[in-house]
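Reviewing the structure listed below.
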Amino acid sequence: MASFLHSCLTIAALLTAAPAAAQGNAFDLTGPSLRVTVTHAGATLPLSQVPNLSAGDRLRVSAALPVDQGAHYRMVLAFLRGATNPPPETWLTEARTWKPKEATIDVAVPAGAQQAIVFLVPDTGGAFSAIKSAVRQRPGAFVRASQDLNQAMLDRTRLEAFVSRLRQRSAEEVAQLSPVLARSLAVKLDPTCLQPGEDPRAACLTLGQSAAVLADAQTSSIAQTLSGAPANIALQLAATPQAGYGYYSAYIGVFRDLARMLGAFQSAQLQFIPALNVQHGDATDLLLNTVPSFRKPQSVLVTALPTVSPPARPPLEAGTRDALCLARPRLLLPVTGAPLVFSTHYARDMRLRVETQAGAVDLPVTADASRGGFVVTDERPAMTPDAAMTGRLHGSWGFSAFAGPEFRLVSPIAAAWSAGDATLVVGRDTPLTLTGGAADCVAEVRLQRDKPEQGGLERAVPFEVTGDALALKVPLSDVKPGPLVLSIRSYGMAEPQRLSLRGYAEASRIDGFVLHEGDRAGVLSGTRLDQVAALDVGGTTFRPGTLTRDGKVDRLTLDAEPADAGTAPFRAGQSLTGRATLADGRSSVVAVKVAPPRPAATLISRSVEPGTRAVPIRLRGDALVAQDARVTFSLRADAGTSFAAGDVVEVRAGATSVNLPLRLQDAAVALATLDPAALGDAAHGTLDYRVRRGEVAGDWRTLATLVRLPQLRAVTCTGATCTLSGSGLFLLRSVAGVAVPDGFTGASIDVPHAGQAMLALRDDPAASATIDLPAAR
């Protein structure tokens, strides 16, 4: 089962090793353990609860070696202050682990330090001097090692959290929990691993648990680019410090070749190898991907402590704006934005502070990645809740206090449910909306008779919470008319609430049929129109389409059969009669009204005023319109249509639309101007328009194709490579042939220099644009 769990991650090797035969791909060798505590402002925490160090913190480091340890290790703690600034000799401290009185390092973090690294070196003559010389000669290599090892540790915590919550689960449970865990821990799943089949594990096996966390096309491309690259190129890659909360920069999926980088300091006596620290409670276990050697050159284990930096709070955000029921057992507070709150112990003493009229109350919460947020424990202090409240997450991140997102909370007390003027019609399942109560607190809704002697009616009513309302589907298909009761049971309420209603028998009634001249469909109005099978008007047969309910009136769309396309057209002003046939065979006469044609207009021309950009982007194709542009277009009224004051043109992109005023040249030609930003930040795709006159609208016609573009702030070229910097780069599918991964969050991307770069846009596979690349510097 474990291999199946590991296989459900599409991941680039985060800890990819050197190509040498002695270098393994996974950190799967158990090394020694450390005991590390940090004291800050009088408080002491184990390293597993400390996301960052601060100047003045007291570090206490000791090696937890077996009592029968045969090889003596010296432990060296070194502080670094940047890649180009060698640390003073006093920033390196050693301990002799085999001597109890000298086995512990107890020092304060010096002012100006940025990184901290621990070395375990075999006790040989001059070992401490060799370490000191290596660190001071090339501090940049150890700065990079510190950054990469810290990031690798954080990534591994997410993978371990993912796997541990799925261990010993059935395949069905894995399929259900995996997507939630993936969102919580920012892990990318391969959905094919969850598809049913003879053996879904076979095609998804990976090299092992420590080999991977997250992948994208960018990662693979860079991994190939760096293959065989010299160490100084790797040292120039962008850094992602430990405060990065587990998210990836453009390079974070590539584990720099630490063995090769540290190999510059090999001597006849010593060889540096990286050690990945895995924190469990008070213990910091070291994992190795290279077998240590106790023969010359002897191996020096290198592991990293948290970076020295100001505390950075986790960017938690509320995962919902809907009201949550405080009385709900194991209430979930969904959160997004900080996967490390689920995979580490950095977040401590988490509470939900609830503000009530009687005062603030703190409720304990626990992080649960399998549910996607913090869960309020059922062991809660006594409190007097209000009907509506606010609650805020707060706690400690390492040594620092932080306040998290706010949530709207409700309580079922004083809830008064109302169905408004809605009518329950028996004989079919009837939609019903209830308002006024605490919707999220509803546990169950049941339908009953008002009086037991009227019949043994007792059934569950399906419902959904839609904002602050309750949307029900009342099952009345076999219920007789008469008094009914909805029994609404809420969390935190001893007795259910009873809402008295009445079920009515609805007689079939047809009010009339309306269609516009030139249309092949119309609308039939009345009640119980679900019984209508067909409508005949002058030899044209109309068949039922969509049925909707407007208050107490049914509206049924009827479409003319294609076989009747050659019949005489209907003219505006005609007063006709038709005959409706019901499903049970009965028929009735229907009044038919032919309304004037719906307004229609043809596009004459279109002009686009592009938005202002630091780096101009030229769209390829006249049909494309950028979201920050302004579009002015002109329309010519079709035959039967004349523009008049009050007419508007409606423009839509997807499900969003806006109404634009028309500027009339005359009754036949009109102009309108569209600011696509009015359609919303997510609007893209085909832009359609139609003319509206009051409640009557014409058919949709195509105006253009709307695409979203990134904001490029700068383009710089050095040698054969250009760097594009800006925001919204995820809107690009590729740049100059370089693929941009899904969900790309970086602020820059490197592409080959070719004078002009082609941008493939994500909004439309066929849409593209170009930018000019400056000459290389």
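None of these values were measured; they are calculated from a predicted model.
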So which atom in P315 and which in G337 form the shortest heavy-atom distance, rounded to 0.1 Å?
CG-O, 3.5 Å
Gap between atom CG of L305 and atom CG of N277 - 0.5 Å precision
7.5 Å
Give every residue pair that meets the disulfide bond (SG atoms under 2.5 Å apart) criterion with at least one member in residues 705-777, sequence neighbours excluded.
C717-C722
Take atom CZ of R371 as the centre, draw a 6.0 Å sphere, and report whether it contains more than 12 heavy atoms from other residues, nucleotides or ligands.
yes
Would you say the ring centroid of F407 lies under 6.0 angstrom from that of F374?
no
Restricting to side chain to side chain donor-acceptor pair (under 3.5 Å), what partner residues turn up for S605, sequence neighbours left out?
S634
Compare every heavy atom of G398 with every heavy atom of P51, then report the nearest pair and how far apart it is.
CD-CA, 3.5 Å
Is Q114 close to L80 at the side-chain level, that is, under 4.5 Å between some pair of heavy atoms?
no
For R762, check salt bridge (Lys or Arg N to Asp or Glu O under 4.0 Å) against everything at least two apart and list the hits.
D742
I'd like to check F399 versus P311 (side-chain heavy atoms, cut-off strictly below 4.5 Å). Are they in contact?
no
Can you list everything that forms a side-chain contact (heavy atoms from CB on, under 4.5 Å) with A113? Sequence neighbours excluded, please.
F79, W91, V109, P110, V308
Using every non-hydrogen atom in the two residues, find where G319 and T336 come nearest and quote the distance to one decimal.
CA-CG2, 4.5 Å
Can you tell if the side chain of M153 reaches within under 4.5 Å of the side chain of L276, non-hydrogen atoms only?
yes
Could you tell me whether the side chain of V631 reaches within less than 4.5 Å of the side chain of V651, counting heavy atoms only?
no
Could I get the full list of side-chain contact (heavy atoms from CB on, under 4.5 Å) partners for A760, not counting sequence neighbours?
R733, S734
Other residues, nucleotides and ligands only: do more than 12 of their heavy atoms fall within 6.0 Å of CD on Q176?
no
What side-chain hydrogen bond (donor to acceptor under 3.5 Å, both in side chains) pairs are there with at least one residue in residues 708-729, not counting sequence neighbours?
R708-D763, T723-D750
Which distance, rounded to the nearest 0.5 Å, do you find between the CD of Q279 and the OG1 of T344?
8.5 Å
Residues 747-777 vs disulfide bond (SG atoms under 2.5 Å apart), sequence neighbours excluded, gives none
With a 4.5 Å heavy-atom cut-off, do L660 and T673 have their side chains touching?
no
Note, Y689 side chain near L674 side chain (heavy atom, < 4.5 Å)
no
Least distance between heavy atoms, A55 atom then A111 atom:
CB-CA, 3.9 Å
Name all residues meeting the side chain to side chain donor-acceptor pair (under 3.5 Å) criterion together with T320; count only those two or more places apart in sequence or in a different chain, and write none if there are none.
none
Decide side-chain contact (heavy atoms from CB on, under 4.5 Å) for M350 and W397; before the verdict, give the C-alpha distance in whole Å, the side-chain angles of both, and the deciding distance to 0.1 Å.
CA-CA 9 Å; M350 295 299 296; W397 185 255; over 6 Å; no
Mind running side-chain contact (heavy atoms from CB on, under 4.5 Å) on I273 and L301 for me, showing each step along the way?
CA-CA 5 Å; I273 63 173; L301 309 187; 3.4 Å; yes
In terms of heavy-atom contacts, A275 and T303 come closest through O-OG1, 3.1 Å
With H345 via side-chain contact (heavy atoms from CB on, under 4.5 Å) - residues at least two apart
Q49
For S184, all residues meeting side-chain contact (heavy atoms from CB on, under 4.5 Å), sequence neighbours excluded
V180, F342, A369
Name the atoms and distances for all side-chain donor-acceptor pairs under 3.5 Å in residues 764-776, with sequence neighbours left out.
{"unit_1": "D764", "atom_1": "OD1", "unit_2": "A766", "atom_2": "N", "d": "3.0"}
{"unit_1": "S768", "atom_1": "OG", "unit_2": "R620", "atom_2": "NE", "d": "3.3"}
{"unit_1": "T770", "atom_1": "OG1", "unit_2": "R618", "atom_2": "NH2", "d": "3.4"}
{"unit_1": "D772", "atom_1": "OD1", "unit_2": "R618", "atom_2": "NH2", "d": "2.9"}
{"unit_1": "D772", "atom_1": "OD2", "unit_2": "R618", "atom_2": "NH1", "d": "3.1"}

Option from V608, L709, L619 for which side-chain contact (heavy atoms from CB on, under 4.5 Å) with L624 holds
L619
Contacts of F633 meeting ring-ring contact (aromatic ring centres under 6.0 Å, His included) (sequence neighbours excluded), chain-then-number -> none
Please examine the side chains of P274 and L149, heavy atoms only from C-beta on, and report whether any two atoms are closer than 4.5 Å.
yes
To the nearest 0.5 angstrom, please state how far the CG atom of L687 sits from the OG1 atom of T702.
9.5 Å
Non-hydrogen side-chain atoms of L712 and R613 separated by less than 4.5 Å
no
